[in-house]
Trainee: 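Here it is, the structure in full.
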2 protein chains.
Amino acid sequence: MATLKDIAKEAGVSIMTVSNVINGKYSKVSSKTITLIQELVKKYNYVPNLSARSLSMKSSKLIAVFINTYEVKQNLFKDPYISELFGELESLIRQYGYYAIIRSIETIENVSTILQNWNVDGAIFISQQTEEEMNQILKNSKCPIVFIDSYNKTNPKAIMVGVDDYKGGYIATKYLISNGHTNIAFAGCYSETNAIVSHRYQGYRKALKESGIPYNEKNLINTFTRYEDGVNIGRDIANRKYNISAVFAAADLFALGLIEGARINGCVVPNDLSVIGFDNLDLCSLVTPKLTTVSQNVKKKAESAVNLLLNAIKELPIPSQSITLDVQLEVRQTVQKLSN
Amino acid sequence: MATLKDIAKEAGVSIMTVSNVINGKYSKVSSKTITLIQELVKKYNYVPNLSARSLSMKSSKLIAVFINTYEVKQNLFKDPYISELFGELESLIRQYGYYAIIRSIETIENVSTILQNWNVDGAIFISQQTEEEMNQILKNSKCPIVFIDSYNKTNPKAIMVGVDDYKGGYIATKYLISNGHTNIAFAGCYSETNAIVSHRYQGYRKALKESGIPYNEKNLINTFTRYEDGVNIGRDIANRKYNISAVFAAADLFALGLIEGARINGCVVPNDLSVIGFDNLDLCSLVTPKLTTVSQNVKKKAESAVNLLLNAIKELPIPSQSITLDVQLEVRQTVQKLSN
DNA sequence: TTGTACGCGTTATCAT
DNA sequence: ATGATAACGCGTACAA
């Protein structure tokens, strides 16, 4: 409630002197007035009005976090990966003295509006954007933006943080092969615009090729990857729709659904079918059997994103425009060695 | 980038005319200038500066969402219940034309500062606060605040949304009794300051009493309720530390840990032990056996909270100061009928 | 229907 | 070391 003006009047000094003390510019103020003002600040519980500061400075200490909501009213925070990532980001943003403004978006039109509305200092996208979307967003915005889990080879303004999806697909498939599997399906939401899944798929293909296993296009199971979709695919597998002994699934939750769908229809994992997921959700070690999966370091992902963004905001040199984090295989209980 | 002034100059009218058009006050402007200005708004991609508006109006369209972080650096969004609730809140806040600013807090000192900093219009606490904390927060803040999952009988300024924890404890215990169980443990983080768990415990006691089952204080298992804590308690149970045939656990994740800990030590649920959880996380139906639990309607909780808050912000009459939502039992696979 | 003057709380610049 | 003034972009109140 108290303003600089109030404090200044009470102290018998000018507004600027108070402002300088508040902002720690002590070199311009005598130590006597400093202590006087500091006492008054405490007495009146003075708190700076950040709207006013933002207006004057043309910068707000706000960081916007955007998340796509493809279907209206869908709760994206039910996705454990998304919510964990968001939690890490919020924590870091706070620790660095910024404020997080969160926004789910249906179309990217809204993005630049929000950014301008609030003089946002920087933004982070936590769900995948297509190259085209990224370009449009970047064109209409002037603050630095970090994209998590997106791919963009052409736009030099795009700052990106992701994981080595290609390697993920590769090591998962390789592991299945090393366990004697040759009929291995890839299940995921495969499309031109889904770069993440495409990269995982390419890794899968590479592993097959390297081992001289001929590729069978029937083994590309193109599907949405919610839990329920997994149940459906699992049923199909149990019903011999595919001639496979193993599946590499592009998402954990989907993999769990698949296991359940197969089980219901008499196909038991890992005895009758081996499965590997992707993400390493906590959930993976809570279910039975525990899911073998490709893990990524979410905390590190968030740290990388915030560090890149803050450096860009402060116009410090960025070590690199994009960071690709490593992945590794978490071996648990859903892959069985084939003994024939 | 463009301001009212820019548009006004280009249109050859005053700033106020533009402002009126922007804010839809068409009654004060000729239709000719309206269309002219609307064209210019599009042409220059004019977006109002909300910092300036907030400064001038003393209100910001910002709603702060607070969440406690007891241990520094703990990621609270890994809790599926918290993240789902938050997702619903964010979605509603957006749909009602407000902006969500999210903040994890270590001490409640920070709360009123943030509220003042940004001229926040209203706030929501999504984790439990003690009565004392609530009172202090309310004393230092002037905007409406909704507390989710908190109890406060004395402060008339406190707006609250919660579930019927008492009933939850009651129906869970009652169900166990109706299945022939008489040695039933209550496991949770029981303390004076944890009103939620206290209420669930009181419901548990009521059910026992009603059925004439003598209360055994050894059956109150007071523990933190993370997954790992559940594993420890489950091991104890398997090792006959308690003389019980069933457990009502105050949190799902904890219940799952308990089941796992028991299993590892040779005590199989539901054959050797019956378990009921609380919250009905999605997770409950993904694990084996599927967890019987007390469910609450998270979506409705969020809607209630946002509705109460928005009414309070607009100084509309609030139907009631606090809303208690119903709970119900989700019968699944972790309770077995005792046949002796 | 349109325009003017002023205030919101802060910071930067330039004097003193 | 301290202060006066203008500026940030917008809305309210009142005047024309």
Side-chain angles (χ1 to χ4, degrees), chain A residues 1-38 40-41 44-62 99 113-121 142, chain B residues 1-38 40-41 44-62 99 113-121 142:
Chain A
M1 229 28 182
T3 67
L4 284 186
K5 198 196 281 183
D6 301 332
I7 306 278
K9 189 194 281 181
E10 178 91 5
V13 298
S14 84
I15 294 178
M16 272 320 294
T17 305
V18 182
S19 174
N20 283 327
V21 173
I22 300 286
N23 294 318
K25 299 180 180 172
Y26 296 149
S27 62
K28 301 184 168 183
V29 191
S30 74
S31 61
K32 211 173 79 181
T33 42
I34 289 180
T35 51
L36 169 62
I37 289 172
Q38 283 174 336
L40 290 173
V41 164
Y44 288 106
N45 270 319
Y46 169 79
V47 169
N49 181 323
L50 297 187
S51 292
R53 184 177 285 176
S54 158
L55 184 59
S56 173
M57 307 246 289
K58 289 177 170 299
S59 121
S60 60
K61 287 279 177 189
L62 281 173
Y99 301 86
T113 304
I114 304 267
L115 261 31
Q116 280 186 60
N117 267 332
W118 291 104
N119 272 324
V120 167
D121 287 352
K142 55 191 186 319
Chain B
M1 228 30 181
T3 69
L4 285 185
K5 197 196 282 183
D6 300 332
I7 306 281
K9 187 194 282 181
E10 177 92 5
V13 299
S14 83
I15 292 177
M16 272 322 296
T17 305
V18 182
S19 173
N20 283 326
V21 173
I22 301 285
N23 295 319
K25 299 180 179 173
Y26 296 150
S27 61
K28 302 183 169 184
V29 190
S30 74
S31 61
K32 211 174 78 182
T33 42
I34 289 180
T35 50
L36 169 62
I37 290 173
Q38 282 174 335
L40 289 174
V41 164
Y44 288 107
N45 271 318
Y46 170 79
V47 168
N49 182 323
L50 296 186
S51 294
R53 186 179 282 175
S54 157
L55 183 60
S56 167
M57 309 251 288
K58 289 175 170 298
S59 124
S60 60
K61 288 281 177 186
L62 281 173
Y99 301 85
T113 304
I114 304 265
L115 261 31
Q116 281 186 59
N117 267 331
W118 290 105
N119 272 325
V120 167
D121 287 351
K142 55 190 187 319

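A, B, ... follow the sequence lines: proteins, then strands. Residue 1 opens every chain. Note: hydrogens, waters and symmetry copies are ignored here, and every other heavy atom, side chains too, is used.
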Trainee: How bent is the helix from C:dT1-D:dA16 to C:dT16-D:dA1, comparing axes over its five end pairs at each side, to the nearest 10°?
Mentor: 40°

Trainee: Would you mind listing every salt bridge (Lys or Arg N to Asp or Glu O under 4.0 Å) that reaches into residues 8-24 of chain A, with sequence neighbours excluded?
Mentor: A:E10-A:K43

Trainee: Side chains of A:Y46 and A:L4: closer than 4.5 Å at any heavy-atom pair?
Mentor: yes

Trainee: Taking the nucleotide of DNA chain C with the nearest heavy atom to each, does B:M57 or A:M16 sit closer to the 5' end?
Mentor: B:M57

Trainee: Mind checking B:S27 for me? I need base, sugar-phosphate or nothing, with any heavy atom below 4.0 Å counting as a touch.
Mentor: sugar-phosphate

Trainee: Would you check if B:N117 and A:P48 make a side-chain contact, meaning some heavy-atom pair closer than 4.5 Å?
Mentor: yes

Trainee: Under 4.0 Å between any heavy atoms, over every strand shown, what does B:Y26 touch: base, sugar-phosphate, or nothing? Just pick one.
Mentor: nothing

Trainee: Can you tell me how far C1' of C:dT11 sits from CG of A:N49, to the nearest Å?
Mentor: 13 Å

Trainee: Does a side-chain N or O of B:K58 approach OP1 or OP2 of C:dG9 to a distance below 4.0 Å, or not?
Mentor: yes

Trainee: Under 3.5 Å, is there a donor-acceptor pair between the A:S51 and B:S51 side chains?
Mentor: no

Trainee: Sequence neighbours left out, cut at 3.5 Å: what donor-acceptor pairs do the side chains of residues 23-31 of chain B make with other protein atoms?
Mentor:
{"from": "B:N23", "atom 1": "OD1", "to": "B:R53", "atom 2": "NH2", "distance (Å)": "3.4"}
{"from": "B:N23", "atom 1": "ND2", "to": "B:S19", "atom 2": "O", "distance (Å)": "3.2"}
{"from": "B:Y26", "atom 1": "OH", "to": "B:Q38", "atom 2": "NE2", "distance (Å)": "3.0"}
{"from": "B:S30", "atom 1": "OG", "to": "B:T33", "atom 2": "N", "distance (Å)": "3.4"}
{"from": "B:S30", "atom 1": "OG", "to": "B:T33", "atom 2": "OG1", "distance (Å)": "2.8"}

Trainee: If I compare all heavy atoms of A:T113 with all of B:V47, which pair ends up nearest, and what's the gap?
Mentor: O-CG1, 3.7 Å

Trainee: Could you give the CG-to-P distance, from A:L4 to C:dA12, as a whole number of Å?
Mentor: 12 Å

Trainee: Please list, by residue number, the residues of residues 6-15 of chain B whose heavy atoms come closer than 4.0 Å to an atom of DNA chain C; answer none if no residue qualifies.
Mentor: B:G12, B:V13, B:S14

Trainee: Categorize B:S51 for me: base, sugar-phosphate, or nothing, with a 4.0 angstrom heavy-atom threshold over every strand shown.
Mentor: nothing

Trainee: Do B:N119 and A:N49 have side chains that approach each other closer than 4.5 Å (heavy atoms only, starting at C-beta)?
Mentor: yes

Trainee: At a heavy-atom distance below 4.0 Å, what parts of residues 28-37 of chain B sit against DNA chain C?
Mentor: B:K28, B:V29, B:S30, B:T33

Trainee: Hey, where on DNA chain D does chain B first and last touch, going 5' to 3'? Cut-off is any atom under 4.0 Å from a heavy atom.
Mentor: D:dC8 to D:dA13

Trainee: In whole angstrom, give the distance that lies between atom OH of A:Y44 and atom P of C:dG9.
Mentor: 16 Å

Trainee: Give, for atom CG of A:L40 and atom OG1 of A:T35, the distance between the pair rounded to the nearest 0.5 Å.
Mentor: 10.0 Å

Trainee: Could you give the CG-to-P distance, from A:L50 to C:dG9, as a whole number of Å?
Mentor: 13 Å

Trainee: Between atom CG in A:N20 and atom P in C:dC14, what is the gap in whole Å?
Mentor: 15 Å

Trainee: If only atom types and distance count, is the side chain of B:N20 paired as donor or acceptor with the main-chain N or O of B:T17 below 3.5 Å?
Mentor: no

Trainee: So, does A:N23 get its side chain near the phosphate of C:dT11, meaning an N or O under 4.0 Å from OP1 or OP2?
Mentor: yes

Trainee: Would you say the side chain of A:T3 lies within less than 4.5 Å of the side chain of A:I7, judging by non-hydrogen atoms?
Mentor: no

Trainee: Calculate, to the nearest 0.5 Å, the distance between atoms CG and OH belonging to B:D121 and B:Y99 respectively.
Mentor: 11.5 Å

Trainee: Quick check for you: to the nearest 0.5 Å, what is the distance between B:S54 atom OG and A:L50 atom CG?
Mentor: 9.5 Å

